[in-house]
**Student:** 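Here you go, one structure.
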Protein chains: 2
Amino acid sequence: MDPAAAGNLSSSLEDYLEAIFNLTADGEVARSKDIADSLKVAKSSVTGAIKTLAEKKLVNHKPYGYVTLTPAGRAAAQNVARKHDIIKLFFVNILGVDDTLAQDAACKAEHVLGPDIIRRLLDFTEFVTTRNGSGYNLAGEFRKFSRNSNTQTDSMEAAQNG
Amino acid sequence: MDPAAAGNLSSSLEDYLEAIFNLTADGEVARSKDIADSLKVAKSSVTGAIKTLAEKKLVNHKPYGYVTLTPAGRAAAQNVARKHDIIKLFFVNILGVDDTLAQDAACKAEHVLGPDIIRRLLDFTEFVTTRNGSGYNLAGEFRKFSRNSNTQTDSMEAAQNG
DNA sequence: TTGACAAGTTAGGGTAGGCTAACTATATTA
DNA sequence: TAATATAGTTAGCCTACCCTAACTTGTCAA
């Protein structure tokens, strides 16, 4: 897991890596077409990204063949995927965000939150969940609290949502 | 506050708007040089961004003059600044993140979190703070919980931090 | 085994955003 | 008021991504 290569990845390249990771999770190989579909980009964009990732030794690829992650690529992808899961879990389980929205937001936030904040977010979610087991349902109480304080601002927020 | 103009701003343009907002907060005018300094970009990059923002009617500007926000620009900037504050407050007051790190992370996250999540984050911070007032210090308890579970992973995270 | 269709690549172009260097305008100050 | 320093602009270049269109390769079924 070469830190020099995986350390400075753009959001875009992290997305490609994550997509390959998800596509190959069940032992399948990733094909260019599937990557394009899952990221909703053109096939040629995938070719370009794969080329860049291959130069960084994060994926294995020979022309017209499928794509697999190198150990370094797998580590980097796993790191992104882990961030994604932690963020989404916090959004859904603690904040009570709708699953789809949480998914979308996690896809973006995963590229901007560093390891310190991610660790704390994970710990916090675990902390609240643990306390929850020991009698008091903090997330549930927050749900009630939240419902009361937000009724008339929703339409204005919906208009801003992107 | 024209939603068509302010709705599709890039992270970069939001940063410029926010910088102008902060520079003009105390009734001062914003000068190109100051914007460049605060965003750590070249003067010519500011000129280009200002031109784009002026086309979108978000700033007032005449060549070699200073820059002010239009009502629409002020609304958009305020929205970004508000997001920033809410995210940072959550990081610092709830997660116990260091101020500088929280500031940096908020600068990035403010561009990717939508209004629904921002509202919930604000509510949640308020909820925890309110409960805190009524006897139980949740954030403080989390601080203790967090300290115990993280001692040996820190060096590895420091290496990844960017 | 050979078309035909699907998958992948290449070529070329567009936008956004950054940079440096050189120029122009403004402000300061001797 | 003229010289100089600072601020702002312009021109030109670069990188990162994305796109479409056209071409090449691979594969599967008749």
Side-chain angles (χ1 to χ4, degrees), chain A residues 4-20 23-24 28-69 76 80 107-108 110-112 162, chain B residues 4-20 23-24 28-69 73 76-77 80 107-108 110-112 162:
Chain A
N8 319 329
L9 290 173
S10 66
S11 297
S12 173
L13 289 181
E14 284 189 349
D15 280 335
Y16 282 100
L17 229 37
E18 194 183 11
I20 297 165
L23 286 168
T24 57
E28 298 289 310
V29 297
R31 304 178 66 190
S32 199
K33 176 64 170 13
D34 301 326
I35 299 168
D37 288 346
S38 80
L39 294 177
K40 300 194 201 314
V41 296
K43 292 176 297 170
S44 58
S45 302
V46 177
T47 303
I50 293 303
K51 208 170 93 182
T52 305
L53 290 172
E55 277 161 13
K56 294 176 182 287
K57 314 275 191 193
L58 297 171
V59 301
N60 305 115
H61 180 240
K62 57 184 75 173
Y64 298 97
Y66 48 73
V67 182
T68 56
L69 293 166
V80 177
C107 278
K108 294 174 188 165
E110 69 195 18
H111 306 298
V112 305
Chain B
N8 317 330
L9 289 173
S10 66
S11 297
S12 173
L13 289 182
E14 285 189 349
D15 280 335
Y16 281 99
L17 229 37
E18 195 182 10
I20 297 164
L23 287 168
T24 56
E28 299 288 311
V29 297
R31 304 176 67 188
S32 199
K33 177 67 170 15
D34 301 326
I35 299 167
D37 288 347
S38 80
L39 293 177
K40 300 192 200 313
V41 296
K43 292 176 298 171
S44 58
S45 302
V46 177
T47 304
I50 293 303
K51 208 169 95 182
T52 305
L53 290 172
E55 278 162 12
K56 293 175 183 289
K57 314 275 191 193
L58 297 172
V59 301
N60 304 117
H61 179 242
K62 58 183 73 170
Y64 297 97
Y66 48 74
V67 181
T68 56
L69 294 165
V80 177
C107 278
K108 293 174 187 165
E110 69 196 16
H111 306 298
V112 305

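Scope of the values below: all heavy atoms of this structure, side chains included, with no hydrogens, waters or symmetry mates. Chain naming here is simple, since letters A, B, ... match the order of the sequence lines and numbering starts at 1 in each.
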**Student:** Are OP1 or OP2 of D:dC19 and a side-chain N or O of A:Ser45 less than 4.0 angstrom apart?
**Tutor:**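 Result: yes.
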**Student:** Could you check whether any side-chain heavy atom of A:Tyr16 comes within less than 4.5 Å of a side-chain heavy atom of A:Val41, counting everything from C-beta outward?
**Tutor:**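 Yes, their side chains come closer than 4.5 Å.
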**Student:** At a heavy-atom distance below 4.0 Å, what parts of residues 28-38 of chain B sit against DNA chain D?
**Tutor:**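 Heavy-atom contacts with DNA chain D come from B:Arg31, B:Ser32, B:Lys33.
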**Student:** In whole angstrom, give the distance that lies between atom CG of A:Leu39 and atom P of D:dC19.
**Tutor:**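 After rounding, the reported distance stands at 10 Å.
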**Student:** From CD of B:Glu55 over to P of C:dA16, roughly how many Å is that when rounded to an integer?
**Tutor:**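 Rounded to whole Å, this separation is 10 Å.
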**Student:** State, yes or no, whether a side-chain contact exists between A:Val46 and A:Leu39 at a heavy-atom distance under 4.5 Å.
**Tutor:**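 Not in contact.
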**Student:** So do the side chains of B:Leu53 and B:His61 get within less than 4.5 Å of each other, counting heavy atoms only?
**Tutor:**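 With C-beta onward as the side chain, the pair stays apart.
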**Student:** Are the side chains of B:Val59 and B:Ile20 in contact, using a 4.5 Å heavy-atom criterion?
**Tutor:**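 Counting from C-beta outward, B:Ile20 and B:Val59 do come under 4.5 Å.
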**Student:** Could you tell me how far apart A:Asn8 (CG) and D:dT15 (P) are, to the nearest whole angstrom?
**Tutor:**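 Taking atom P of D:dT15 as the reference, CG of A:Asn8 is at 16 Å.
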**Student:** Flag the pair B:Asp34 / B:Glu28 as yes when at least one side-chain heavy-atom distance between them is below 4.5 Å, and no otherwise.
**Tutor:**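 SC-SC contact between B:Asp34 and B:Glu28 ruled out.
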**Student:** Could you tell me the separation between the CD1 atom of B:Ile50 and the C1' atom of C:dG18, rounded to a whole number of Å?
**Tutor:**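 So the CD1-C1' distance, B:Ile50 to C:dG18, works out to 15 Å.
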**Student:** For C:dT26, does OP1 or OP2 lie under 4.0 Å from any side-chain N or O of B:Tyr66?
**Tutor:**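 It does not, given that no N or O in the side chain of B:Tyr66 lies less than 4.0 Å from OP1 or OP2 of C:dT26.
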**Student:** Is the distance from OP1 or OP2 of C:dG17 to the nearest side-chain N or O of B:Ser10 less than 4.0 Å?
**Tutor:**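 Answer yes for this pair, as a side-chain N or O of B:Ser10 is under 4.0 Å from OP1 or OP2.
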**Student:** In terms of the nearest nucleotide of DNA chain D, which residue is placed more toward the 5' end: A:Thr52 or A:Tyr64?
**Tutor:**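 Its nearest nucleotide being more 5', the pick is A:Thr52.
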**Student:** Examine C:dG18: is either OP1 or OP2 under 4.0 Å from a nitrogen or oxygen in the side chain of B:Ser12? Give yes or no.
**Tutor:**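 True: B:Ser12 side-chain N/O within range (under 4.0 Å) of C:dG18 OP1/OP2.
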**Student:** Taking side chain as C-beta onward, heavy atoms only, is A:Leu13 less than 4.5 Å from A:Leu58?
**Tutor:**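 Answer no - side chains too far apart.
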**Student:** What I want to check is whether an N or O donor and acceptor connect the side chain of A:Ser44 with the base of D:dT20 at under 3.5 Å.
**Tutor:**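 Such a pair is found, so the answer is yes.
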**Student:** Are the side chains of B:Glu110 and A:Val112 in touch, meaning some heavy atoms are under 4.5 Å apart?
**Tutor:**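 No, side chains not in contact.
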**Student:** Distance check needed: C:dA7 C1' versus A:Lys62 NZ, whole Å only.
**Tutor:**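 Those two atoms, NZ and C1', are 17 Å apart.
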**Student:** Take atom CG of B:Leu9 and atom P of C:dT15, then tell me their distance rounded to the nearest Å.
**Tutor:**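 To the nearest whole Å, that distance equals 18 Å.
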**Student:** What is the distance from NZ of A:Lys43 to C1' of D:dT25, rounded to the nearest Å?
**Tutor:**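 Distance, rounded to whole Å: 12 Å.
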**Student:** How many whole angstroms separate atom NZ of A:Lys40 from atom P of D:dT20?
**Tutor:**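 Computing the A:Lys40:NZ to D:dT20:P distance gives 15 Å.
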**Student:** With DNA chain D as reference, determine whether B:Gly48 or A:Val41 sits nearer its 5' end, using the nearest nucleotide of each.
**Tutor:**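 Comparing both residues, the 5'-ward one is B:Gly48.
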